[in-house]
Amino acid sequence: MPTMTRTEREKFLAELHVGVIAVERPDRAPLAVPIWYGYEPGGEVVVWTDAGTVKEKLIRAAGRFSITAQVEQPPYRYVTAEGSVTSIDAASPEVARAIAVRYLGPEEGAQFAEQNLGPDSVVIRMRPERWLSTDYSKQ
């Protein structure tokens with residue numbers, strides 16, 4: 001399988017994709033859900049959610065998760081990064097806005113963040129430790 005280099009996979013993950021996070025859970029298959037995220041090459045994956053949600057509780061309990069980003073049209077490409085949670089903190093307006101603007105643009109993103117950032121909002125950070133990738137454009 002044609003894989004990506006470290007630079008290619010980090011650049012790919014930093015591009016705009018809806019991610020799918022997966023986290024283990026007892027007595028069931030892993031939870032896998034789509035999510036907006038932030039990432040800069042060499043940095044941490046940043047996820048904004050609310051405390052008390054199923055995904056937040058499971059991530060907190062597991063202390064780790066994985067995220068997959070993909071291109072759904074040929075030539076297919078994907079990156080999966082997994083790692084340990086480095087922090088779970090109250091979400092700041094700046095971080096929430098940055099994630100929302102990434103997906104909705106400046107005006108709608110700022111409005112979305114303002115309307116959806118609440119007292120239970122948290123930011124979960126994960127440093128990628130292991131990667132999988134495939135890039136079929138390299139065949």
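Starting from 1, each residue takes its place in the sequence as its number.
Among I21, I35, V85, the one residue that satisfies the side-chain contact (heavy atoms from CB on, under 4.5 Å) test with I124 is V85.
Here the OG1 atom belonging to T5 is positioned 10.0 Å from the NZ atom belonging to K11, to the nearest 0.5 angstrom.
Both Y103 and V47 are members of a single hydrophobic cluster when ILVMFWY side chains are connected at heavy-atom separations under 4.5 Å. V46 and I88 fall within the same hydrophobic cluster, defined by Ile, Leu, Val, Met, Phe, Trp and Tyr side-chain heavy atoms under 4.5 Å apart, directly or through other members. Placement of V18 and L104 within a single hydrophobic cluster is found when ILVMFWY residues are connected by side-chain heavy-atom separations under 4.5 Å, directly or transitively. Both I59 and V54 are assigned to one and the same hydrophobic cluster, defined by single-linkage of ILVMFWY side chains at heavy-atom distances under 4.5 Å. L16 and Y37 fall within a single hydrophobic cluster, where Ile, Leu, Val, Met, Phe, Trp and Tyr are joined by side-chain heavy atoms under 4.5 Å apart, directly or via other members.
For T68 and T80, the side-chain atoms include at least one donor-acceptor pair closer than 3.5 Å. Side chains of E44 and T86: a donor-acceptor N/O pair is present below 3.5 angstrom, by distance only.
Heavy-atom contacts from other residues, nucleotides or ligands closer than 6.0 Å to CZ of R102 number more than 12. Shown here is E15, whose CD atom has more than 12 heavy atoms of other residues, nucleotides or ligands within 6.0 Å. Around atom CZ of R130, more than 12 heavy atoms belonging to other residues, nucleotides or ligands sit under 6.0 Å away. E107 CD: 12 or fewer foreign heavy atoms inside a 6.0 Å radius. Environment of CD in E94: crowded, with over 12 heavy atoms of neighbouring residues, nucleotides or ligands closer than 6.0 Å.
Side-chain contact between V95 and R125 is present, with at least one heavy-atom pair separated by less than 4.5 Å. Residues M4 and R77 form a side-chain contact, since some pair of their non-hydrogen atoms from C-beta on lies under 4.5 Å apart. You'll find the side chain of T7 stays beyond 4.5 Å of the side chain of P41, heavy atoms only. Between L117 and P93, the closest side-chain pair of non-hydrogen atoms falls below 4.5 Å. For the pair D120 and T53, the minimum side-chain heavy-atom distance is 4.5 Å or more.
For A69 against L13, the heavy-atom pair with the smallest separation is CB-CD1, 4.1 Å. In terms of heavy-atom proximity, E82 sits nearest to S66 at CB-CB, 3.7 Å. The minimum heavy-atom distance linking A62 with E24 is given by the pair CB-CG, 3.8 Å. Residue V45 comes nearest to P128 through the heavy atom pair CG2-CG, 4.1 Å, listed as atom of the first residue, atom of the second, then distance. Closest of all the heavy-atom pairs between V71 and Y76 is O-CD2, 3.6 Å. Smallest separation of non-hydrogen atoms from L58 and P26: CD2-CD, 4.4 Å.
A salt bridge is defined here as a Lys NZ or Arg NE, NH1 or NH2 lying under 4.0 Å from an Asp or Glu carboxylate O, and K138 with E8 meets this definition.
Distance alone, capped at 3.5 Å, places no donor-acceptor pair between the S133 side chain and the R9 backbone. Under a 3.5 Å cut-off, the side chain of E56 and the backbone N or O of D50 do not form any donor-acceptor pair. The closest donor-acceptor contact from the side chain of Y78 to the backbone of E72 lies at 3.5 Å or more, if one exists at all.
Ring orientation note: the planes of W36 and F112 are tilted relative to one another, at an angle of 30° to 60°.
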Evaluation steps, side chain to side chain contact (heavy atoms under 4.5 Å, CB included), between W48 and N116: CA-CA 10 Å; W48 166 32; N116 291 281; 4.1 Å; yes
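Taking the six-membered ring for Trp and the full ring otherwise, the centers of F12 and W131 sit at least 6.0 Å from each other.
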